[in-house]
Amino acid sequence: MSIIEPASSQRVVPLPSETMAFRAAMPFVTDGGVAIIPLDVAYQTYGVLNAEKSNAVLVCHALTGDQHVASVNPVTGRTGWWETMVGPGRPIDTDRLFVICSNVIGGCMGSSGPASINAATGKPYGLDFPVLTIADMVRAQAMLIDHLGIDSLFCVAGGSMGGMQVLEWAANYPQRVFAAMPIATSARHSAQNIAFHEVGRQAIMADPDWQGGRYLETETRPAKGLGVARMAAHITYLSENALQSKFGRKLQNRDARTFSFDADFQIESYLRYQGLSFVERFDANSYLYLTRAMDYFDLAAEHGGALSLAFKGSQTRFCVVSFTSDWLFPTSESRAIVHALNAGGASVSFVEIDSDKGHDAFLLDVPDLFATTSGFINAAAKARGLAVAS
Amino acid sequence: MSQDQLVAPPATRVDLLLIAGLVAEKSRVLDVGCGDGSLLMLLRDRRGADARGIELSQAGVNSCVARGLSVIQGDADTDLSAYPDQAFDYVILSQTLQATRQPRKVLENLLRIGKKVIVSFPNFGHWRVRWQLGFSGHMPVTENMPHAWYDTPNIHFCTLRDFVNLTREIDARILSATAVKSSGAPMRVHAPWWFWNLFGEQAVFMLERAS
């Protein structure tokens, strides 16, 4: 969610998502060694797959995103979360590319997650759902891509947690990824980011309505805890400058301080709204599982301790993007990725885009982001023999 | 490599053509300080090179990536150490050496990364520079060095002769050396170093590691 609400949030009929169910014949086993049967992967597609199946783009969503990248979200009624980047005439142009976006496993928009029914008990999994990794999410996506009959993806793109999936794809399936765009992301989650996530998780678990994760069985939910988690996290998605210039010390619908703990300040009111609207669309246990997967992410550790080994000999073309005011995934994290790619001999473009919008910049209207990514995608399309946008 | 709308602009700079002429077809090339990507485009489109770049300015990188070039935002002083040994057939440092903080270290890194290194720089030994400093008594400002002393990015000027001395110190072999006249045309006649050092406005060297 952004500090500036999308203007066109009118309710339009959402596209239905497809769901692929992988049953016992194709068991899914997590990095933690637990089988999830059946495993559902809910996904959305846009555009048309060409006869050669060479124009498929996989978009990976961030922590609180979903498969509705460029179509109305059926829960919120809002436009897709990346319509600035994906759609007709956009950098990821659905007039000539076939775009796939799936809800990550562990999520709560149709893919298997802690709110799904555990076949063994007939009740929601809750904390019996296995703890996941980013690699698990990507392996489930690869099974979906197999199911769609696609050998090689033209591009895998995503920001934040989506960028982690992009890196995992490029490292684990180098033959299947022609071009990769990891945006505002990192090859390993930092101590500071793990710390913020832990605050969010503790807020959820401290809510009595969480009930050890079994809240769905009593049809309650830990709205207070999840709301606080979202409020704390939301601050990390913005920049100090953006907060100061939008809210400053302005008071909320009042002329003076009330000498109470009401939301006197606009920023308080804004954060409370963010917390409230989030709990209506997100499952608290999913929040625990997805933040944990990000915390566990350390691509170098998965590849013998050196990040360059993860990309050694890669033929994939990379476009790495960071934003100046992003202090959650600062440019130094992107630079570490770029150095590793160079050390591995990969073809890489990298730009740090000047923006005061913080981490959220990757979701917002940032013309430099569109210029950079369009140029990269057009050049990659030409190299792959696809039609290039005029 | 297909010829398309991305061919080099008609008024391609003479120094870029000179450098492109030193690069063998289908080579792997890294241009350090690649600006808006003009040289990279020339190398890619006319020499069929696998051309990559490093550029400090966001505007430059944006322009390069939008033209489909593999360019990273970075800096010769800090971002060369990540590249493996002999990763490129050619590494080019065009009009950038004098703006680096540690020219010697940069040059050593270039010789490590590239099998051949092409360096071009403005010659501080040119007679017009000497005249401005020696007779008028102020820091030279010329067409090649257009900045006043207080706002120049160029912090490590050298003369052609200084550069030759540095190549000896860092164990580099000079494969070719061309001085460029004020007009931009290369000085093709064989002349002694003192002559080049006095009349060459710019120099283009091609180096490799001696050992």
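So you know, we letter chains A, B, ... as the sequences are listed, proteins then strands, and number each from 1.
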Legend entry - Options A:Ala346, A:Gly344, A:Ser308, A:Cys319, ranked by heavy-atom pairs under 4.5 Å with chain B, top entry: A:Ala346

Legend entry - Interface residue of largest heavy-atom contact number with chain B, from A:Thr372, A:Val320, A:Val348, under 4.5 Å: A:Val348

Legend entry - Within 6.0 Å of CD in B:Glu208, more than 12 heavy atoms from elsewhere: yes

Inset, instruction - Check whether more than 12 heavy atoms from other residues, nucleotides or ligands sit under 6.0 Å from atom CD of A:Gln175, and answer yes or no. - result: no

Legend entry - Members of residues 53-61 of chain B whose heavy atoms come closer than 4.5 Å to chain A: B:Gln58, B:Val61

Inset, instruction - For chain A, find its close neighbours in residues 83-98 of chain B: heavy-atom separation under 4.5 Å, sorted by number, or none. - result: B:Tyr83, B:Pro84

Legend entry - Heavy-atom contact with chain B under 4.5 Å, split by part of A:Ile377: neither

Inset, instruction - Let me know if A:Ser374 has heavy atoms under 4.5 Å from chain B in its side chain, its backbone, both or neither. - result: neither

Inset, instruction - Kindly compute the distance separating SG (B:Cys64) from CZ (A:Phe376), expressed to the nearest 0.5 Å. - result: 14.5 Å

Inset, instruction - Drop me the distance from B:Ile72's CD1 to A:Ser347's OG, to the nearest 0.5 angstrom. - result: 11.0 Å

Inset, instruction - Determine yes or no for a side-chain-to-main-chain donor-acceptor pair under 3.5 angstrom, with A:Ser349 supplying the side chain and B:Val71 the backbone. - result: yes

Inset, instruction - Output every pair passing salt bridge (Lys or Arg N to Asp or Glu O under 4.0 Å) with a member in residues 148-172 of chain B, not counting sequence neighbours, ordered by first then second residue. - result: B:Arg104-B:Glu169

Inset, instruction - Can you check whether anything in residues 328-343 of chain A gets within less than 4.5 Å of chain B, heavy-atom wise, and list it by number? - result: A:Arg335, A:Val338, A:His339, A:Asn342, A:Ala343

